[in-house]
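Report on one structure; see the data block that follows.
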There are 2 protein chains.
Amino acid sequence: MVTPTSLLNLDRQLCFALYSSSLAMTKAYKPLLAELGITYPQYLVMLALWQHSPLGVGELGARLNLDSGTLTPLAKRLQVMGLIDRNRCEHDERNVEISLTAAGKLLQARAEPLPLCILQLTGLQIPQLESLTSQLKTLRDELVANTQTRATAANHSVSPNPNPTPTAEHTPGN
Amino acid sequence: MVTPTSLLNLDRQLCFALYSSSLAMTKAYKPLLAELGITYPQYLVMLALWQHSPLGVGELGARLNLDSGTLTPLAKRLQVMGLIDRNRCEHDERNVEISLTAAGKLLQARAEPLPLCILQLTGLQIPQLESLTSQLKTLRDELVANTQTRATAANHSVSPNPNPTPTAEHTPGN
DNA sequence: CACAATTTAATTGTCAACAATATAATTGGC
DNA sequence: GCCAATTATATTGTTGACAATTAAATTGTG
């Protein structure tokens, strides 16, 4: 069975282009991060902490768009490696503050060259890189705003998806 | 500790924009795919099979950039759901042919509206969508070409990464 | 103060992604 | 034909992502 052209064609899907390029990026980082002894998601957590430390689990999750089910075990591994500390906040024992250790701070210096290493692997020039990054951030924010979350309480945003673009409910396939 | 500007700034990273937008896309698809009873990676496999069935595990992996360690259990779940069949090839018993069942083919009709549903959630117009998709495919292919794989045998491509762009091996941070 | 509602993390279970390894079939010298 | 190398898939173990649930602390209202 061969279906050459359809809106469901794999190579036309933005979703698959996103998915496969994101995985490809992870694989590109892997050998570089292996020298630092961390994985790609762990690197993202370190990026957030290098920018601001300490951060609560919730605040970290808000910046990375990840929940505690992902961050808690991930942070425990970073703690075992000695890169971060995890402590209950004194004034509100519900909060867990995640902070860089001295070793965690020192790792930043070794990570500094990474963005330029990766830039070379992308084949992009700086303006293209910034343009693509900007487009993706816009896309992400739009998707987050228009996707109803499974949160228990009310969404404090205006509305999940009232009717963002009243265009083509259905159009003839190309 | 606050570090306002650095090349390591989280929100400047293409890698994080990719990562977070890809996860956001997965979450956007989730409630729609739940009605079809499949997950997002399962949907990608079905997309590939709707385009061409049967496909060997290896060929499927080549199209999706996934290996057998991911695809084998995923395909088994689709088989249990009755959407695909898995059979050893007669002429080469090493190959496993994955083919759509009648139910798998029927599911395509219910998936047809999805791309347009998602398009609305993205807030993009068609030209922007196609441009972004194209940029991401180019990026993915460049990253794959420049990332040395852990394959046992020799890489049959020219070379992992001889010296694609001999620019800035290191530059002063901004 | 008491207590229900809320907030915050952690836990549990399922599905994924992948390195490393194992298993089985095939191919190519000899 | 025999056997080493190769090819193709499956298995195992680790890390991640997330829904659903649990546990604990805090807040607000009476």
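Just the heavy atoms: all of them, side chains too, but no hydrogens, waters or symmetry mates, feed the values below. Order of the sequence lines fixes the chain letters, A, B, ..., with proteins taken first and strands second; residue numbering starts at 1 for each chain.
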Can you give one letter per nucleotide of nucleotides 1-6 of chain C, 5' to 3': B if a protein heavy atom sits under 4.0 Å from the base, S if only from the sugar-phosphate, - if neither? ------
From dT26(C), dA25(D), dA10(D), nucleotide with atom closest to Val96(B) side chain: dA10(D)
In whole angstroms, how far is the C1' atom of dT8(C) from the CZ atom of Arg88(A)? 8 Å
Counterpart residues, side chain to side chain donor-acceptor pair (under 3.5 Å), relative to Gln13(B) (two or more places apart): none
Rounding to an integer number of Å, can you tell me how far Glu90(B) CD sits from dA25(C) C1'? 15 Å
Atom-pair distance (CG on Leu44(A); P on dT15(D)), nearest Å: 17 Å
Is any side-chain nitrogen or oxygen of Asn95(B) closer than 4.0 Å to OP1 or OP2 of dA25(C)? no
Per the ring pair (Phe, Tyr, Trp, His ring centres under 6.0 Å) rule, what does the pair list look like for residues 7-37 of chain A, sequence neighbours excluded? Tyr19(A)-Tyr40(B), Tyr29(A)-Tyr40(A), Tyr29(A)-Tyr43(A)
Salt bridge (charged side-chain N to carboxylate O under 4.0 Å, His left out) contacts touching residues 55-77 of chain B (sequence neighbours left out): Glu59(B)-Arg63(B)
Between the main-chain N or O of Leu139(B) and the side-chain N or O of Glu142(B), is there a donor-acceptor pair closer than 3.5 Å? no
For Asn65(B), check side chain to side chain contact (heavy atoms under 4.5 Å, CB included) against everything at least two apart and list the hits. Ser20(A), Arg140(B)
I'd like to know if the side chain of Asn9(A) pairs up with that of Gln51(B) as donor and acceptor (distance under 3.5 Å, no hydrogens or angles considered). yes
Atom-pair distance (CG on Asp92(A); P on dT26(D)), nearest Å: 5 Å
Check residues 97-106 of chain A and write down every donor-acceptor pair under 3.5 Å in which the side-chain atom is one partner and the other belongs to a residue at least two apart or another chain.
unit_1: Thr101(A); atom_1: OG1; unit_2: Gly82(A); atom_2: O; d: 2.5
unit_1: Thr101(A); atom_1: OG1; unit_2: Leu83(A); atom_2: O; d: 3.0
unit_1: Thr101(A); atom_1: OG1; unit_2: Ala103(A); atom_2: N; d: 3.4
unit_1: Thr101(A); atom_1: OG1; unit_2: Gly104(A); atom_2: N; d: 3.1

The criterion is side chain to side chain donor-acceptor pair (under 3.5 Å); which residues satisfy it with Arg110(A), sequence neighbours excluded? none
Rounded to the Å, how far apart are Leu71(B) CG and dT11(D) P? 14 Å
Going by salt bridge (Lys or Arg N to Asp or Glu O under 4.0 Å), name the residues that satisfy it together with Arg94(B), two or more places apart in sequence or in a different chain. Asp92(B)
Expressed as a whole number of angstroms, how long is the span from Leu33(A):CG to dG16(D):P? 11 Å
Could you run down the sub-3.5 Å N/O contacts of the protein with nucleotides 11-18 of chain C?
unit_1: dT11(C); atom_1: OP2; unit_2: Lys76(A); atom_2: NZ; d: 2.6
unit_1: dA16(C); atom_1: OP1; unit_2: Thr39(B); atom_2: OG1; d: 2.1
unit_1: dA16(C); atom_1: OP1; unit_2: Gln42(B); atom_2: NE2; d: 2.7
unit_1: dA16(C); atom_1: OP2; unit_2: Arg77(B); atom_2: NH1; d: 2.3
unit_1: dA17(C); atom_1: OP1; unit_2: Tyr19(A); atom_2: OH; d: 2.2
unit_1: dA17(C); atom_1: OP2; unit_2: Tyr19(A); atom_2: OH; d: 3.1
unit_1: dC18(C); atom_1: OP1; unit_2: Lys27(A); atom_2: NZ; d: 3.3
unit_1: dC18(C); atom_1: N4; unit_2: Gly69(B); atom_2: O; d: 3.4

Taken to the nearest whole Å, CG/Leu64(B) to P/dT9(D) is 14 Å
What is the distance, rounded to the nearest whole Å, between atom NE2 of His91(B) and atom P of dA8(D)? 16 Å
